[in-house]
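Notes for the one structure printed next.
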Amino acid sequence: MEYVSTRNKNLRVSAAKAIAMGIAPDGGLFCPTEFPRLSHDEFVQLMRMDYKQRAAMILGKFLTDFTAEELQHFTEQAYADEKFGGKDTVPVVSLAADVHMLELWHGPTCAFKDMALQMLPHLLTASLKKTGEPRTCCILVATSGDTGKAALEGFADVPGTKIMVYYPVDGVSPMQKLQMVTQQGENVEVVAIKGNFDDAQSAVKCIFTDKETAKRLDEHGLMFSSANSINWGRLAPQIAYYVSAYCDLLGAGKIQHGQTVNVCVPTGNFGNILAAYIAKQMGVPLGKLICASNQNNVLTDFFAQGGVYDRNRPFYTTDSPSMDILISSNLERLLFFLSGQNDVMVKEKMDALARDGRYDVSDTLGAQLAADFAAGFCDDTQTAQTIKKIFDEQKYLCDTHTAVAVHVCEQYRAQSGDHAPVIVASTASPFKFCKPVAAALGHPIDTDGTEQLAALEAVSGCKAPEPLAALGAKTPRFDRVVDKADILSTLDLLL
């Protein structure tokens, strides 16, 4: 399996090289040249496996320069029982006979990003060795909340790496901020920027493609890579949990062999739902992929308008901050896949996005988008109403992002009449967003820090995850705040 840039398919590299580089030199994203298919016999094998074995098997289809033994070793370490609260790494909890919550937040930082970012350090360090890279790898991460902590947790004190995380100073939840600024590790740095997530993400992408900066780091024996989902090593592990969820529903007798299941994913950067699309291309019987957005509904409009992407709109700071994004990076990969790897077209669209903040695709491509995807959005009021409704009716407590997905899923079903079974990606523990969740239940919280956890426990009767409860004993280490225009200067911290 080789990988090519979305903006130049003549640039071909191995999986290890794609993971080590993070992003292509031309600013494109690395993509596999084909989608491997799962045979009937392989589905039978997957049914008998635990999550670690399933993840290793799926990764092996894409990362062909890694051995099966390597990948199995990596998944055993990444998804160790003590990290994920037991052997059931990604539980599927049924809210109704045909609505199933895929809980992706039982890892060490209580968000779905753990599913990839506990795995990426193993893949990246192995990739550096396979490619003969002698330099220290500097990982730059822009985060809207969850990626930052998950990346810090995954890479803390990993030999041969340094990691710098940028987050919008007013764009993450108090619990997300506390998780990041208390992070331990000799090789970690955390910086807040005066701006939003898109500002941080754009700045990081510019750093990656700045030749003078790369030369400067090289002189110090350093190189760049990424832990954002622009890195294929971040995205590939996410494919496995959609395959696993389908297997679990089959095993529980909730669906029949070959039955089509829809998937609804709350997403801003489009990586999590793109992983579901790839699982579908591998032969998993997934039907409509329902893209759920918050008030920053650029993706909703993109699908509703047949492929018109326009980020020229107000940016909203919402109660679901991990989706407060107007530039959805992984949409670039989807355009590449759907267009038959038309790298010239993709580069034109990405240049237009950078220049004008807008692009539109052909009618043919728009029709292809509509065939696989549906979309909807949910504002903060609807999010709160959904949290309360689910709790009152099901005694199930969900976070603000998951509530967005549930609302959009209900909206899609009512409008389309499509009542196929659905997997809803539950992306974070509700205790990462204590204040809006408690307010939704009718019990506003006026405390800060970890006192919020006890307050939400009291009103919900649910127990806070141990990794969050342990934050109360930790001391903040990082308080640096910079203007978005000064991000480049922060690289001195890595030297």
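As the structure is a prediction and not an experimental result, all values here were calculated from the model.
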Is any side-chain heavy atom of [X] less than 4.5 Å from a side-chain heavy atom of [Y]?
{"X": "Asp324", "Y": "Asn294", "result": "yes"}
{"X": "Cys434", "Y": "Leu453", "result": "yes"}
{"X": "Leu299", "Y": "Leu331", "result": "yes"}

Ignoring hydrogens, what is the shortest heavy-atom contact between [X] and [Y]? Give both atom names and the distance.
{"X": "Cys137", "Y": "Leu128", "answer": "CB-CD1, 3.7 Å"}
{"X": "Glu332", "Y": "Val346", "answer": "CG-CG1, 3.6 Å"}
{"X": "Leu124", "Y": "Ile19", "answer": "CD1-O, 3.5 Å"}
{"X": "Lys432", "Y": "Cys110", "answer": "CD-O, 3.3 Å"}
{"X": "Tyr3", "Y": "Pro32", "answer": "CD2-N, 3.3 Å"}
{"X": "Ala438", "Y": "Ile445", "answer": "CB-CD1, 3.4 Å"}

Study note, to complete from the structure: So salt bridge (Lys or Arg N to Asp or Glu O under 4.0 Å) across residues 17-35, not counting sequence neighbours, yields none
Point to revise | Pairs touching residues 164-173 that satisfy salt bridge (Lys or Arg N to Asp or Glu O under 4.0 Å), sequence neighbours left out | key: none
Between [X] and [Y], what is the ring plane arrangement, given parallel below 30°, perpendicular above 60°, and tilted in between?
{"X": "Tyr359", "Y": "Tyr309", "value": "parallel"}
{"X": "Phe303", "Y": "Phe373", "value": "parallel"}
{"X": "Tyr277", "Y": "Phe337", "value": "parallel"}

Review point. Phe66 ring centre to Lys130 NZ or CZ under 6.0 Å, with the angle to the axis within 45°?
Key: yes
Exercise for review: Name all pairs fulfilling the side-chain hydrogen bond (donor to acceptor under 3.5 Å, both in side chains) condition that reach into residues 472-483, sequence neighbours left out, sorted by first residue then second.
Suggested key: none
Exercise for review: Report yes or no: do Thr213 and Asp210 form a side-chain donor-acceptor pair below 3.5 Å?
Suggested key: yes
Check your understanding: Does NZ in Lys484 sit with more than 12 non-hydrogen atoms of other residues, nucleotides or ligands closer than 6.0 Å?
Key -> no
Practice item. Go through the steps to decide whether Thr400 and Ile387 satisfy the test side chain to side chain contact (heavy atoms under 4.5 Å, CB included), and finish with yes or no. Key: CA-CA 7 Å; Thr400 48; Ile387 291 171; 4.0 Å; yes
